[in-house]
Amino acid sequence: MAAAAGGMGVTVGAIVAAMGTSPAATIGMSVLVFGGAAQLGATGVAAAAGSPFAVVLTGLLINSRFFVLGLSVGLRLPPRPGYRLVGAQLLSDPSAAVALSVRDTDQARLAYWRVGIVVYVAWVVGTAVGALLGAAIPDPRTFGLDAALPVMLLAFVAPLVTSRRALAAALTGVVVAVALTPLLPLGLPLLAACAAGALFGLGRRRGAVQGQ
Amino acid sequence: MSWSTIVAIGLGSYLLRLLGVMAAGRQHLPPWVIQLLEFMPVALLGGVVAVGAVGLGQELVMDARLVGVGIGAVALAMRAPLLLVLAAGVGATALARVLA
């Protein structure tokens, strides 16, 4: 688990730093944002010269899934506020998965802390190593590294596409963003992609009736 | 990316996580909140991948990156390990750039 998170951290750190974020800020981003997809997504928008507002919004909208995950994981955490204040930051895909899959509540809590801390530390250490590697690359276009960000991001999206509807939402996001990019300043096409995704969720109940 | 941007995303992300954890079991959230958020991240991520593959500022460009992302997607679909996916995508981009 530590190796997987650490390995991903190295790659993400290298990509983010190679795209022009300082090594210190790259590491700080892992400490604070703690979400590979959000970190890469925000970096992608920044690299495409999106406004700071668009960059922040992209990061937050991607990490909004941790709000949804928190709704389930919170039921398995001790009710004391101190635990929740700390436990919230340790919320990641692996820690949520283990907390939700272990039957016994005490065991689940223990597993959540253990996995949460291991993954968090591995992620931060991994990105630190990657940040130093990435900072040594002068121009990301050399060796085709400018494609590393979308490819890596694709690897983060793949596990989230768990149904045909999710796949349809992702493809709609692609089409909407590409279609609007020449027309609107970056940020707005992505916001539109986001809105299209939201409609996929909202249309779910009525979807059966409308035969979608 | 600047520190202020990073801190803003970090603070917001923490609040999102905390809100979820705190709201758990407290009261019933209206179902549309979850529905709204369910497919938003995948759609947005799809958009960011696409812009990263063919976007250049506000222009759309079909260049070596698209080849790399395509090859990376194929490697991913074949369940290749992550490093191989990345190497295939990056390698294909470099190769396409040399050949073009």
Side-chain angles (χ1 to χ4, degrees), chain A residues 21 25 28-29 32-33 37 41-42 44 46 48 52 55-56 59-68 70-71 74-75 84 88-89 91 143-155 157-158 160-161 166 169-170 172-174 177-178 181-182 190 193-194 196-198 200-202 204, chain B residues 1-14 16-25 29 32 34-55 57-60 64-65 68-69 72-73 76 82-83 85-86 89-94 97:
Chain A
T21 301
M29 195 197 235
L32 297 170
V33 178
V55 174
V56 171
L60 289 182
L61 287 169
I62 294 173
N63 263 356
S64 69
R65 59 201 192 81
F66 287 121
F67 168 76
V68 180
L71 289 175
L75 296 172
R84 296 191 169 214
Q89 184 62 7
L91 188 55
F143 314 121
L145 279 175
D146 50 339
L149 194 148
V151 170
M152 188 69 187
L153 201 49
L154 209 54
V157 192
L160 302 178
V161 179
T172 306
V174 169
V178 169
T181 290
L190 292 178
C194 223
F200 265 88
L202 289 175
R204 192 165 204 182
Chain B
M1 207 181 309
S2 70
W3 269 105
S4 51
T5 317
I6 290 167
V7 170
I9 303 174
L11 276 180
S13 296
Y14 178 68
L16 284 167
R17 285 183 162 100
L18 189 65
L19 268 174
V21 169
M22 288 293 194
L29 275 174
W32 63 263
I34 308 290
Q35 287 176 335
L36 187 80
L37 294 174
E38 191 173 8
F39 297 111
M40 220 170 61
V42 276
L44 174 59
L45 285 165
V48 182
V49 169
V51 170
V54 296
Q58 261 188 253
E59 277 175 77
L60 297 178
R65 289 173 300 164
V69 174
L76 206 61
L82 188 69
L83 267 183
V85 171
L86 199 63
V90 168
T93 306
R97 201 160 275 156

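Residue numbering restarts at 1 for every chain, and letters A, B, ... go by the order of the sequence lines. Please read all numbers here as calculations on a predicted model, not as lab measurements.
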Between chain A and each of [options], count heavy-atom pairs under 4.5 Å; write down the option with the most.
options	value
Gly10(B), Ala8(B), Ala24(B), Gly46(B)	Ala24(B)
Gly72(B), Ser2(B), Pro41(B)	Pro41(B)
Ala64(B), Ala53(B), Gly20(B), Gly68(B)	Gly20(B)
Ala23(B), Gly52(B), Ser4(B)	Gly52(B)

Of the listed residues ([options]), which shares the most heavy-atom pairs with chain B below a 4.5 Å separation?
options	answer
Leu145(A), Val157(A), Leu91(A), Leu160(A)	Leu91(A)
Val174(A), Val55(A), Asn63(A), Val68(A)	Val174(A)
Ala48(A), Ala148(A), Pro52(A)	Ala148(A)
Thr172(A), Leu149(A), Leu32(A)	Leu32(A)
Cys194(A), Ala42(A), Gly41(A), Gly44(A)	Cys194(A)
Ala147(A), Ala37(A), Gly144(A)	Gly144(A)

Residue Ala46(A) versus chain B: region with a heavy atom under 4.5 Å:
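For Ala46(A), the side chain is the part near chain B, not the backbone.
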Heavy-atom contact with chain B under 4.5 Å, split by part of Val56(A)
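Both backbone and side chain.
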Of all the heavy-atom pairs spanning [X] and [Y], show the shortest one and how long it is.
X	Y	result
Val33(A)	Arg17(B)	O-NH1, 3.1 Å
Phe39(B)	Phe200(A)	CD1-C, 3.9 Å
Trp32(B)	Leu202(A)	O-CD2, 3.8 Å
Leu16(B)	Ser64(A)	CD1-CA, 3.8 Å
Ala43(B)	Ala193(A)	CB-O, 3.4 Å
Val42(B)	Ala166(A)	CG2-O, 4.0 Å

Under a 4.5 Å heavy-atom cut-off, does chain A meet the side chain of [X], its backbone, both or neither?
X	result
Leu18(B)	both
Val54(B)	side chain
Ala73(B)	both
Leu76(B)	side chain
Leu19(B)	both
Val85(B)	both
Gln58(B)	both
Leu82(B)	side chain

When rounded to the nearest 0.5 angstrom, what distance separates CD in Glu59(B) from OG1 in Thr181(A)?
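The distance works out to 11.5 Å.
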Kindly compute the distance separating CD1 (Ile34(B)) from CG (Leu71(A)), expressed to the nearest 0.5 Å.
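Nearest 0.5 Å value for the CD1-CG distance: 4.5 Å.
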Is there a side-chain contact between Val151(A) and Val90(B) (heavy atoms, below 4.5 Å)?
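Counting from C-beta outward, Val151(A) and Val90(B) never come under 4.5 Å.
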Excluding sequence neighbours, so at least two apart, what forms salt bridge (charged side-chain N to carboxylate O under 4.0 Å, His left out) with Arg97(B)?
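Applying salt bridge (charged side-chain N to carboxylate O under 4.0 Å, His left out) to Arg97(B) gives Asp146(A).
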Selection residues 5-14 of chain B - residue pairs positive for salt bridge (Lys or Arg N to Asp or Glu O under 4.0 Å), sequence neighbours left out:
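Salt bridge (Lys or Arg N to Asp or Glu O under 4.0 Å) check on residues 5-14 of chain B returns no pairs.
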